[in-house]
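The basis for the numbers below is simple: all heavy atoms, side chains too, and nothing from hydrogens, waters or symmetry mates. Residues: numbered from 1 along the sequence shown.
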Amino acid sequence: MASLVSSPFTLPLSKTENLSSLSQKQFFLHSFLPKKLNQGIGNGKAGLRVKCAAVGNGLFTQTTQEVRRIVPDNKNGLPRVKIVYVVLEAQYQASLSAAVRNLNSIGKDASYEVVGYLVEELRDVNNYENFCKDLEDANIFIGSLIFVEELAQKVKKAVEKERDRLDAVLVFPSMPEVMRLNKLGSFSMAQLGQSKSPFFQLFKKKKQGAGFADSMLKLVRTLPKVLKYLPSDKAQDARLYILSLQFWLGGSPDNLENFVKMISGSYVPALKGTKVEYSDPVLFLDSGVWHPLAPRMYDDVKEYLNWYDTRRDANEKLKDPNAPIVGLVLQRSHIVTGDDSHYVAVIMELEARGAKVIPIFAGGLDFSGPVERYLIDPITKKAFVHSVISLTGFALVGGPARQDHPKAIQALMKLDVPYLVALPLVFQTTEEWLNSTLGLHPIQVALQVALPELDGGMEPIVFSGRDPRTGKSHALHKRVEQLCTRAIRWGELKRKAKTEKRVAITVFSFPPDKGNVGTAAYLNVFASIFSVLKDLKKDGYNVEDLPETAEALIEEVIHDKEAKFSSPSLNVAYKMGVREYQNLTPYARALEESWGKPPGNLNSDGENLLVYGKQYGNVFIGVQPTFGYEGDPMRLLFSKSASPHHGFAAYYSFVEKIFKADAVLHFGTHGSLEFMPGKQVGMSDVCYPDSLIGNIPNVYYYAANNPSEATIAKRRSYANTISYLTPPAENAGLYKGLKQLGELIASYQSLKDTGRGPQIVNSIISTAKQCNLDKDVELPEEGEELAANERDLVVGKVYSKIMEIESRLLPCGLHIIGEPPSAMEAVATLVNIAALDRPEEGINSLPALLAETQGREIEDIYRGNDKGILKDVELLRQITEASRGAIGAFVEKTTNSKGQVVDVADKLTSILGFGVNEPWVQYLSDTKFYRADRNKLRTLFMYLGECLKLVVADNELGSLKQALEGGYVEPGPGGDPIRNPKVLPTGKNIHALDPQSIPTEAALQSAKVVVDRLLERQKADNGGKYPETVALVLWGTDNIKTYGESLAQVLWMIGVRPIADSVGRVNKVEPVSIEELGRPRIDVVVNCSGVFRDLFINQMNLLDSAVKMVAELDEPEDQNYVRKHAIEQAEALGVGVREAATRIFSNASGSYSSNVNLAVENSSWNDEKQLQDMYLSRKSFAFDSDSPGVGMTEKRKVFEMALSTADATFQNLDSSEISLTDVSHYFDSDPTNLVQGLRKDGKKPSAYVADTTTANAQVRTLSETVRLDARTKLLNPKWYEGMLSTGYEGVREIEKRLTNTVGWSATSGQVDNWVYEEANSTFIKDEEMLKRLMDTNPNSFRKLLQTFLEANGRGYWDTSEENIEKLKELYSEVEDKIEGIDR
């Protein structure tokens, strides 16, 4: 702690103009400094202590090796020994420096020069040069925990050059290529992984995870004793290596002093004749319990607790037998090296707050053993603790090397308490983190945030910093307070009685309108809340006056009972006066910059701030306020998002301090809390999500298919995210004219060779035109003479189109928490699971197995179908039908009369016992596919049986109760259940994936197919020319679901391939030759969503360095468009080629979306130009791999120039439940019209959408996709009836699809007039439908009418005067109804 006091990072006051406005406000600054310093800050003399500007070399850390250099004065002329070391973290710095200073002060045998580098510093060119120079005259090199691929390569290259000359090279656990540098006399590890000795066998183990570190520790314990008695030099050298490792792991100044003496005396030639005395290593426990005030380390928890209970210094609260108990997980290296002040601070803070502490440590990288040994009572098998915080920042098993998540999860499930993983700063100093808009260093995010999440870790709170001079850790007091309070609050959930627990359920209303209260993706929110509350009540929670039905619940929350007549405002639960608000909300003044003085005009009646919602006993259902700027076009243009408004802050102050919630339950995907401004990851206490959530444990229901935004909620609002299922999918089917077409085609096939063929083809052509299919299929004129093969081709193309519509998957209706789908509802999902080959599981897809019986390859049939070859279209239809039939027959056999799945395992065993009766074989025996391979079918159906069990399992309510009772919620991946059935069952704590593991090899193969099809399609549409530039979007969720397919598409367009390192992480690329590519390199402009930026900053780094590398290749410009454009732009802008090749863009840190969606949803825009300005101002922030520490920098000019060369825009659809009009994100990121305005020739770029939702990947134009979407969803009775069956929420879903369609008209102009016309016929001209909509949700119906009128007013829909008149009449009628005026 003292280190912070003695080196305040002060700026001279004259520099204030380059500080952000935040840092000039003194009331923020207290938060990072020890309490004593507070008083002196406001007086102006202290200088400003926080700045927010990029500094120095543009990297994350500005520290250098000079703070770790010790040069002896050597007055006695002793032989000089020079030691150079490289480590991951700085905890060895103080200990090693103390050892060397002591040796030099004694001045015996030798004088020691030492210099140390942190791995991260080697990114800086100057530091790396100095490192190579230092090695040139070094005697000894030491390396430890070098696990970052690109830096490991740098270390290897530099040390290899000097290895033969160096007297000793010692590398402790690191990547294999660095370990191979080891040499001590005759002992070497150059053969690492190939030799037979037990030492080397260790490194060969497949899972070099924690088990590896543990076996290494055991070996270290026993080997020196064995080796002592072997005569050869080799054995003695190996023994000294092991002793060195013992000294190093022992870490104290004494151990390191003896280590330096031993190695110098044994291997430095100048000391050959001198007998350098050294003592054996002082050994510490490998694992145990440690407390700074305890007389020793304990390896028995009972002994520790005995000592704890007899402490004299303990306060009264600690003596209470009912005090909360928190377990801490610590790294032994920090304790033995004496770098433990941050650990001490957490222990003292917890004890000051009345919590007992059991701090356990381990010397290896596997903490699962110690967790089970010291935190669980061996007799009762119950945990000793109520919550656990890991202060290591690493995954529980395996640290930064290879992890074993299943083993970690097993240990944590036995423990069954909330598991928090807090973060010590590793790669940055405190000041560097404070100044960074990104927050944590990307490598630290990958190692210490993403990996612990896979174990089920939550709450990545930065609790300690690092002093730039001494390298020592120090506690960040405000952060430690936040961490400890939250850990105790999570633990309270374990201790408190259910009848006393208070829960604040928070729903969202977006866009703000009464018809939108309870918005959430795919979720029937109020029916779900109703089901949750009934269950909690039954379980003993105090839920009072719950209405009889979900509909009545909606009424109570959205209608203010005290209003004289039907009021436009929601039910007011609490009125908060301004003074009360200011007292409860310490950061209220900070909001005034954006919103003026409270109460403001949002969520306020002019005097008070209003909290909307309703209380039911100990449960409060509240409505989260919205961002507040969605209706203000000027604010939407700002490149950075505004702070939350006073009403938003008042809501959370109410929940925490007045309602006194024990937990808040955010209901559904998603609210705005986690998207408020602040650092991307690693919040400080001036980041709004951190301030708003305060100390309340946050449980959050999130859609299982949206792991990326769920991860943002986890990292920025500390949520325990619990997944819910998306509604069961069904095939879209055919209706109206499309159904008629299907019947005509069937009759053509049976009668085509009779005289009626031509006549039926004419009917097919005219019906197809009535259905507007002439936009998608080239149709001849009716009555035109066609040869038989031409007739077949026309019919084949129409047939292929309607089968595409028929088989498209739709989520039907909305999901209700606690109601899993019935087995038959799961059939369409299983059919799609069965349609994918899964080579890693040894599973062939069902369509492929069926195609085989006809002597065909399924890919071949897909291609023929896409071309409209009639016999292939028909064969594919038969295959699809047979798949549905066989799976339907199988599912029927596993269900009871009610349609519920009974024990699948038993049924499967009985089915599989009798080969003859297998239901799928029985079904196929009546089709042309009866010869399908039975063994392969059996393997596939065994797998489908497992999947079926998962689809119908129900754990969403169970997991919620688990979280509310202070248990551990099992983690699981989020994503698309069809691609990755491991997403199921839902009710898991969702996580994303290791960001450094993508793109995978499989993703690269899929990406090549899509890129090749995209380029073929663009060539065909563009006179045989390749596009020079493609503008495309990268989404977070898509890349998690597909393991990086769209990321790999960008790499393949520019012609590079990703290279994985020895532990499987992808951190570099190499160019593919033009010959192998067989085409020019295509230039790209990549717009990354804000979520992608937060989750995959490493991959943005990879992309940026890949584009810049390609721009610098010496290749002809007509073969390398990246280079061609970069050279042109460099000249125009007067910058270097590398800077001109900036192509990776996103929002400013802490901001999300282009706001085009907000403007469209709230009708708050004047013209398309304004929407384009929003896009440009918010999306023009670039990431620069040459100075990654700077974060996102505005580069609007480069962005505009790059976009102006785009010949095509491109997006991906990767799963059936989200399509172009389901969410507003897609049009929000669409630059089609914008590019047209920027191009010199004013030509509109082609717009394409890749659809990889089925095994048969397609690239369609944007307008084809919008038409397909309209036909399968908005205009499809199966879809809208499914929605309307859910009542209030269903009307909103219909309105949302129409609004998003207008969004596409606004950004791309690719929506056909007939789409609006048909929608008007379906929802407005049909009197019965109109009445249903108006009665079920008048507010959303009003918005639907408004959207139709807006589409017409903005020129997107051309229709009759009478249609418009009718819409206007209806609008005033519904207005009156809402205001309660009966005419």
**Q** Counting only N and O atoms by type, is there a donor-acceptor contact under 3.5 Å from the side chain of K356 to the main-chain atoms of D309?
**A** no
**Q** Side chain to side chain donor-acceptor pair (under 3.5 Å) for Y112 and N102? Distances and angles first, verdict last.
**A** CA-CA 10 Å; Y112 296 90; N102 192 38; over 6 Å; no
**Q** Drop me the distance from I335's CD1 to H291's NE2, to the nearest 0.5 angstrom.
**A** 11.5 Å
**Q** When rounded to the nearest 0.5 angstrom, what is the spacing between OG in S341 and CE in M348?
**A** 11.5 Å
**Q** Could you tell me which non-hydrogen atom of G465 sits nearest to which non-hydrogen atom of L425, and how far apart they are?
**A** CA-CD1, 3.8 Å
**Q** List in chain and number order the residues that pass ring pair (Phe, Tyr, Trp, His ring centres under 6.0 Å) with F427, two or more places apart in sequence or in another chain; answer none if no residue qualifies.
**A** H441
**Q** Between the side chains of D340 and H334, does any donor sit under 3.5 Å from an acceptor?
**A** no
**Q** Could you check whether R69 pairs with E66 (Lys NZ or Arg NE/NH1/NH2 to Asp/Glu carboxylate O, under 4.0 Å)?
**A** yes
**Q** Determine whether the side chains of D339 and S473 contain a donor N or O and an acceptor N or O closer than 3.5 Å.
**A** yes
**Q** Could you tell me the separation between the CG atom of L151 and the NZ atom of K156, rounded to the nearest 0.5 Å?
**A** 14.5 Å
**Q** If only side-chain N and O atoms count, and only distance matters, is there a donor-acceptor pair under 3.5 Å linking H474 with S464?
**A** no
**Q** Using atom types as modelled and distance alone, determine if a side-chain donor or acceptor of T429 lies under 3.5 Å from a backbone N or O of D467.
**A** no
**Q** Between D404 (side chain only) and V397 (backbone N and O only), is there a donor and an acceptor less than 3.5 Å apart?
**A** no
**Q** Check for a donor-acceptor pair, side chain of R68 on one end and backbone N or O of G471 on the other, with a separation under 3.5 Å.
**A** no
**Q** With a 4.5 Å heavy-atom cut-off, do S188 and R163 have their side chains touching?
**A** yes
**Q** Taking all heavy atoms of L184 and all of Y267, pick out the closest pair and write down the distance.
**A** CD2-CE1, 3.6 Å
**Q** When you measure from the side chain of R165 to the backbone N and O of A138, does any donor-acceptor pair fall under 3.5 Å?
**A** yes
**Q** So which atom in S266 and which in K272 form the shortest heavy-atom distance, rounded to 0.1 Å?
**A** O-NZ, 3.5 Å
**Q** Please assess D366 against S368 for the test side chain to side chain donor-acceptor pair (under 3.5 Å), listing each intermediate value before the final yes or no.
**A** CA-CA 6 Å; D366 181 351; S368 63; 2.7 Å; yes
**Q** Among V445, I461, V449, which residue satisfies the side-chain contact (heavy atoms from CB on, under 4.5 Å) criterion with L423?
**A** V449
**Q** Between the side chain of N139 and the main-chain N/O of D167, is any donor-acceptor distance below 3.5 Å?
**A** no
**Q** Considering all heavy atoms of both residues, which atom of L256 and which atom of G251 are nearest to each other, and what is their separation?
**A** CD1-O, 3.6 Å
**Q** Of the non-hydrogen atoms in P173 and L245, which two are nearest, and what is the gap between them?
**A** CD-CD1, 4.2 Å
**Q** Just wondering, do L293 and D313 contact through their side chains at under 4.5 Å, heavy atoms?
**A** yes
**Q** So F361 and Q331, do their side chains get closer than 4.5 Å, heavy atoms only?
**A** no
**Q** Decide yes or no on side chain to side chain donor-acceptor pair (under 3.5 Å) for S186 and D237, but give the supporting numbers first.
**A** CA-CA 6 Å; S186 58; D237 290 330; 2.6 Å; yes
**Q** Taking the six-membered ring for Trp, are F172 and W248 ring centroids under 6.0 Å apart?
**A** yes
**Q** Report the distance from atom CD1 of I360 to atom CG of L375, rounding to the nearest 0.5 Å.
**A** 4.0 Å
**Q** Are any non-hydrogen side-chain atoms of L328 and V357 less than 4.5 angstrom apart?
**A** yes
**Q** Could you check whether any side-chain heavy atom of L476 comes within less than 4.5 Å of a side-chain heavy atom of F463, counting everything from C-beta outward?
**A** no
**Q** Compute both the distance and the angle, then confirm whether R311 meets the cation-pi test with Y308: under 6.0 Å from the six-membered ring centre, within 45 degrees of the axis.
**A** yes
**Q** Could you verify whether a donor N or O on one side chain and an acceptor N or O on the other, from D299 and Y374, lie under 3.5 Å apart?
**A** no
**Q** Looking at N76 and L78, would you say the former's side chain and the latter's main chain have a donor-acceptor pair under 3.5 Å?
**A** no
**Q** What residue among F131, Y85, Y92 forms ring pair (Phe, Tyr, Trp, His ring centres under 6.0 Å) with Y117?
**A** F131
**Q** L391 and L483: side chain to side chain contact (heavy atoms under 4.5 Å, CB included), yes or no, with the steps?
**A** CA-CA 10 Å; L391 298 180; L483 173 66; 4.1 Å; yes
**Q** Can you measure from CG (D300) to CD (E303) and round to the nearest 0.5 angstrom?
**A** 4.5 Å
**Q** Do P424 and Q448 have side chains that approach each other closer than 4.5 Å (heavy atoms only, starting at C-beta)?
**A** yes
**Q** Is it the case that the side chains of S111 and N104 hold a donor-acceptor pair, with the cut-off being a distance below 3.5 Å and no angle test?
**A** no
**Q** With side chain to side chain contact (heavy atoms under 4.5 Å, CB included) as the test, would you mind laying out the steps for L249 and S333 before giving the verdict?
**A** CA-CA 7 Å; L249 293 173; S333 59; over 6 Å; no
**Q** Using modelled atom types only, decide if a donor and an acceptor are shared between the side chain of K82 and the backbone of D134 within a distance under 3.5 Å.
**A** yes
**Q** Between V276 and S264, is any pair of side-chain heavy atoms under 4.5 Å apart?
**A** no
**Q** Are the side chain of Y298 and the backbone N or O of G288 linked by a donor-acceptor pair below 3.5 Å?
**A** no
**Q** With a 4.0 Å cut-off, would you call K261 and E277 a salt bridge?
**A** no
**Q** Among E120, R469, E121, find the one that has a side chain to side chain donor-acceptor pair (under 3.5 Å) with T63.
**A** E121
**Q** Is the backbone N or O of L396 less than 3.5 Å from a side-chain atom of D455, with the two atoms forming a donor-acceptor pair by type?
**A** yes
**Q** Between E89 and R466, is there a side-chain N and carboxylate O pair less than 4.0 Å apart?
**A** no
**Q** Test side chain to side chain contact (heavy atoms under 4.5 Å, CB included) on E113 and V81; report intermediate values, then the result.
**A** CA-CA 6 Å; E113 178 180 341; V81 175; over 6 Å; no
**Q** How long is the span from the CD atom in E257 to the CZ atom in F247, to the nearest 0.5 Å?
**A** 10.5 Å
**Q** Between I376 and F384, does the side chain to side chain contact (heavy atoms under 4.5 Å, CB included) criterion hold? Intermediate values first, please.
**A** CA-CA 6 Å; I376 297 175; F384 284 125; 5.9 Å; no
**Q** Is there a donor in the side chain of Q91 and an acceptor in the side chain of T337, or the other way round, less than 3.5 Å apart?
**A** no
**Q** So do T392 and L330 actually touch side chain to side chain, heavy atoms under 4.5 Å?
**A** no
**Q** Please name the pair of heavy atoms, one in N255 and one in F284, separated by the smallest distance, quoted to 0.1 Å.
**A** ND2-CE1, 3.8 Å
**Q** Run the side chain to side chain donor-acceptor pair (under 3.5 Å) test against R373 and tell me which residues pass, sequence neighbours left out.
**A** S287
